[in-house]
Amino acid sequence: MGMTITEKILARHAGLDNVEPGQLINAKLDVVLGNDITAPVAIREFEKLGMDQVFDKKRVVLVPDHFIPNKDIQSAEQALAMRTFAKKHGIVNYFEVGRMGIEHCLLPEAGLVLPGDLIIGADSHTCTYGALGAFATGVGSTDMAAAMATGEAWFKVPETIKFVYHGKLKPWVGGKDLILHTIGDIGVDGARYMAMEFTGEAIDDLSVEGRLTMANMAIEAGGKNGIIAPDHKTLDYVKKRAKRDYQVLASDPDAKYAKVIEYDVSELEPVVSFPHLPENTRPISEVGNITIDQVVIGSCTNGRIEDLRVAAKLLKGHKVHNEIRAIVIPGTQEIYRQAMTEGLVDIFIEAEAVVSTPTCGPCLGGYMGILAKGERCVSTTNRNFVGRMGHPESEVYLSGPAVAAASAVLGRIASPEEVL
Amino acid sequence: MEFTGRTWKFGSDVDTDAIIPARYLNTSEPAELAKHCMEDADETFYDKVKTGDIIVAGKNFGCGSSREHAPIAIKAAGLSCVIAFSFARIFYRNAINIGLPIFECEEAAKDIAEGDKVKVDADSGKIVNLTTGKEYQAVPFPEFMQKLIDAGGLMKYVAKEAKQRA
Ligand code: SF4
């Protein structure tokens with residue numbers, strides 16, 4: 001009986017020849033991740049256990065990114081707790097301000113997550129790394145604490161839904177539009193507890209960046225993980241970054257799927273998710289006239305260099321509409337520098353957008369762009385829940401970087417074609 | 001263990017930002033988090049809720065972020081347990097890990113009205129609506145999870161395992 005790529009990774013890490021959906025396994029972990037919000041809780045639990053060391057100093061990764069650079073005294077205390085722990089335990093991959101970035105932009109870029117890996121992170125968007133052909137899933141702080149101690153975690157082997165995307169994408173349509181379209185179709189619990197395997201011509205055509213965007217939002221459909229089998233693009237990306245071995249796996253032709261869902265995406269338009277759930281999607285042509293107050297371009301979903309290039313292409317020679325503000329947040333220091341080298345930062349500043357240091361900031365309503373009552377924002381982030389970016393009566397519309405940049409210019413939710 | 005309390009009813013897809021908004025995550029103190037429990041869904045929730053009360057919700061309860069602050073806030077606000085049509089994966093895992101009792105029961109989630117008095121037997125998963133007299137059976141936990149629950153959460157389980165190995 002064939003296995004899916006997800007089943008293969010889980011089996012290998014559990015030391016088994018094969019596994020089946022529903023099976024409970026205990027598996028060895030390649031990477032355990034935490035951030036400034038989740039790690040302090042995990043550290044407290046870890047210390048209660050009375051352990052004097054973590055299972056592997058190189059494989060526990062700590063990234064202060066949510067409220068960092070510290071937004072207030074309490075955040076500073078949480079950051080300090082994490083820094084102190086990192087020092088005490090000699091954590092190799094602790095990323096201080098100046099070296100940090102948004103965790104899910106940073107880990108792939110730094111070569112810390114690789115094909116075939118089994119990764120857990122105390123952050124729901126840990127599923128991002130599935131784009132490289134790894135099994136990666138979000139857990140809570142207590143799971144992180146136990147994993148830091150033992151290097152293992154228990155899993156229920158998920159069933160897999162296979163998504164096949166046929167056709168070539170139109171200009172200005174990217175990974176974000178594919179995943180929003182998918183969530184709009186299956187709903188925010190459409191893949192609850194399940195693996196989402198993305199395949200097809202449109203996926204092959206996507207860059208690694210676009211694939212990271214897709215896997216990033218598997219959790220928004222309730223998925224346990226999102227996964228894309230590695231190809232030459234993945235290997236090009238990984239080869240220059242990896243400092244250890246990795247395993248290139250793929251689903252067997254006779255692997256069993258809970259469901260196969262096929263889309264023809266050749267006519268797909270840019271997609272926008274309306275408040276207050278990612279499943280409330282509409283194609284851009286059906287959005288209507290919605291004026292906005294703010295645009296955010298960034299986050300672990302769309303804060304990569306390719307996203308900034310798309311935004312810059314649309315903002316070049318234009319100004320941000322005079323009644324709104326636009327905030328651009330490169331995902332890592334490296335992306336920031338690349339954006340400077342390529343002249344993108346100039347374009348943003350010329351257009352009168354602000355460019356921030358890497359941080360999660362506004363994505364989770366932390367700081368750096370909080371919405372007032374009644375305000376509306378178009379954002380390239382991944383969640384538009386009530387109060388996600390500020391006041392409970394504010395609104396977040398999710399889109400890719402092209403719609404976000406076009407909207408910044410026109411002051412209302414707009415199609416890129418209206419600008420270029 | 002048995003819980004008896006008044007219910008508070010919520011709809012489907014209650015997300016972790018509704019359970020505890022991120023703006024309060026600059027602390028992980030349970031008592032602080034409790035004050036803002038369900039705030040964006042019902043501003044006065046914390047003031048109204050009494051120790052032992054029960055949350056009843058629709059499908060996909062706890063979707064969104066991995067923040068363990070969500071089950072922590074619910075527990076610290078004095079709620080005894082959550083009954084839902086279904087739970088989002090990470091929330092489910094977190095609740096079991098920290099010892100917040102949760103029960104998956106489609107019928108009960110649909111039937112029970114806000115303010116009903118409900119009794120739950122945690123060991124058997126039997127739910128009784130004392131207001132209407134109706135009885136329900138929650139989906140039982142897989143054996144391994146029941147072990148975690150019996151141990152008092154994941155860390156206690158890990159500690160026990162470590163001791164046995166040593
Ligand atoms: S950018 Fe947003 S979604 Fe991504 S890790 Fe940060 S807070 Fe979470």
Side-chain angles (χ1 to χ4, degrees), chain A residues 22 24 37-38 40-42 44-46 48-51 66-67 71-78 121-126 137-146 149-150 154 156 158 187-189 192-193 219-220 222-224 276-277 279 363-366 370 383 385-388 390 392, chain B residues 12-19 21-30 32-33 39-41 43 58-72 85-99 142-145 147-148 153-159 161-162 165:
Chain A
L24 280 162
I37 289 181
T38 58
V41 180
R44 197 163 62 197
E45 291 300 318
F46 180 89
K48 267 195 235 156
L49 206 57
M51 299 285 296
H66 278 61
F67 295 157
K71 82 174 178 100
D72 55 23
I73 295 171
Q74 284 175 303
S75 311
E77 299 290 348
Q78 297 198 121
D123 190 279
S124 59
H125 292 102
T126 302
T137 192
V139 296
S141 297
T142 300
D143 271 309
M144 180 192 170
T150 63
W154 64 269
K156 188 157 113 195
V188 291
D189 68 344
R192 210 167 52 93
Y193 292 17
I219 179 74
E220 262 57 67
K224 183 168 195 156
H276 288 285
L277 280 178
E279 71 184 22
C363 172
L364 79 162
I370 301 304
R383 289 191 174 134
F385 300 150
V386 171
R388 175 75 179 178
Chain B
S12 284
D13 304 314
V14 171
D15 60 78
T16 49
D17 281 275
I19 299 170
R23 58 184 177 276
Y24 303 117
L25 300 185
N26 53 4
T27 176
S28 60
E29 280 313 313
E32 268 308 302
L33 297 172
E39 182 178 291
D40 284 358
E43 230 180 318
K59 69 174 179 67
N60 205 23
F61 185 85
C63 65
S65 115
S66 68
R67 63 188 70 152
E68 213 159 275
H69 311 66
I72 291 175
F85 183 123
S86 63
F87 293 90
R89 187 188 72 85
I90 306 179
F91 184 90
Y92 181 94
R93 202 170 165 120
N94 286 347
I96 289 173
N97 283 346
I98 70 151
E143 196 189 316
F144 172 71
M145 265 166 247
K147 260 198 232 163
L148 286 186
L154 180 67
M155 292 317 272
K156 293 211 175 99
Y157 177 81
V158 168
E161 287 282 293
R165 272 188 223 176

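The shown structure was predicted, so the numbers you read here are calculated from the model rather than taken from an experiment. Order of the sequence lines sets the chain letters (A, B, ...), proteins ahead of strands, with each chain counted from 1.
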### Query
Can you name the side-chain hydrogen bond (donor to acceptor under 3.5 Å, both in side chains) partners of Asn97(B), sequence neighbours left out?
Asp143(A)
### Task
Please check if atom NZ in Lys71(A) has more than 12 non-hydrogen atoms from other residues, nucleotides or ligands closer than 6.0 Å.
yes
### Message
For Ser28(B) and Gln78(A), which I'm curious about, is there any donor-acceptor pair between the side chains at under 3.5 Å?
### Response
no
### Query
Side chains of Ser65(B) and Arg383(A): do they bring a donor and an acceptor to under 3.5 Å?
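Looking only at side-chain atoms, Arg383(A) and Ser65(B) do not form any donor-acceptor pair under 3.5 Å.
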Side chain, backbone, both or neither: which part of [X] has a non-hydrogen atom closer than 4.5 Å to chain B?
| X | result |
| --- | --- |
| Phe67(A) | side chain |
| Ile73(A) | neither |
| Ser141(A) | both |

Where [X] and [Y] come nearest, the two heavy atoms and their spacing:
| X | Y | value |
| --- | --- | --- |
| Arg89(B) | Tyr193(A) | CA-CE1, 3.2 Å |
| Arg388(A) | Asp17(B) | NH1-OD2, 3.0 Å |
| Pro30(B) | Arg44(A) | CD-NH2, 4.5 Å |

### Residue selection (most heavy-atom pairs with chain A, distance under 4.5 Å) from Ile72(B), Asn60(B), Thr16(B)
Asn60(B)
### Task
Output the option from Pro71(B), Ala18(B), Ser86(B), Cys63(B) having the highest count of non-hydrogen pairs under 4.5 Å with chain A.
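Answer, by heavy-atom pair count under 4.5 Å with chain A: Ser86(B).
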Need one label for [X]: side chain, backbone, both or neither, based on atoms under 4.5 Å from any heavy atom in chain A.
| X | value |
| --- | --- |
| Leu25(B) | both |
| Lys156(B) | neither |
| Ile96(B) | neither |

### Task
Considering only heavy atoms and a distance below 4.5 Å, find which of Gly365(A), Ala76(A), Gly187(A), Pro392(A) pairs most often with chain B.
Pro392(A)
Report yes if some heavy atom in the side chain of [X] is under 4.5 Å from a heavy atom in the side chain of [Y]; otherwise report no.
| X | Y | answer |
| --- | --- | --- |
| Asp15(B) | Val188(A) | no |
| Arg23(B) | Ile370(A) | no |
| Asp40(B) | Phe385(A) | no |

### Task
Please confirm whether the backbone N or O of Phe87(B) pairs with a side-chain atom of Arg192(A), one donor and one acceptor, at under 3.5 Å?
yes
### Query
Rounded to the nearest 0.5 Å, how far does OG1 of Thr142(A) lie from CZ of Arg93(B)?
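Between Arg93(B) CZ and Thr142(A) OG1, I get 11.0 Å after rounding to 0.5 Å.
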### Query
How many angstroms lie between atom CD1 of Ile37(A) and atom CZ of Arg67(B), to the nearest 0.5 angstrom?
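If I round to the nearest 0.5 Å, the distance is 7.0 Å.
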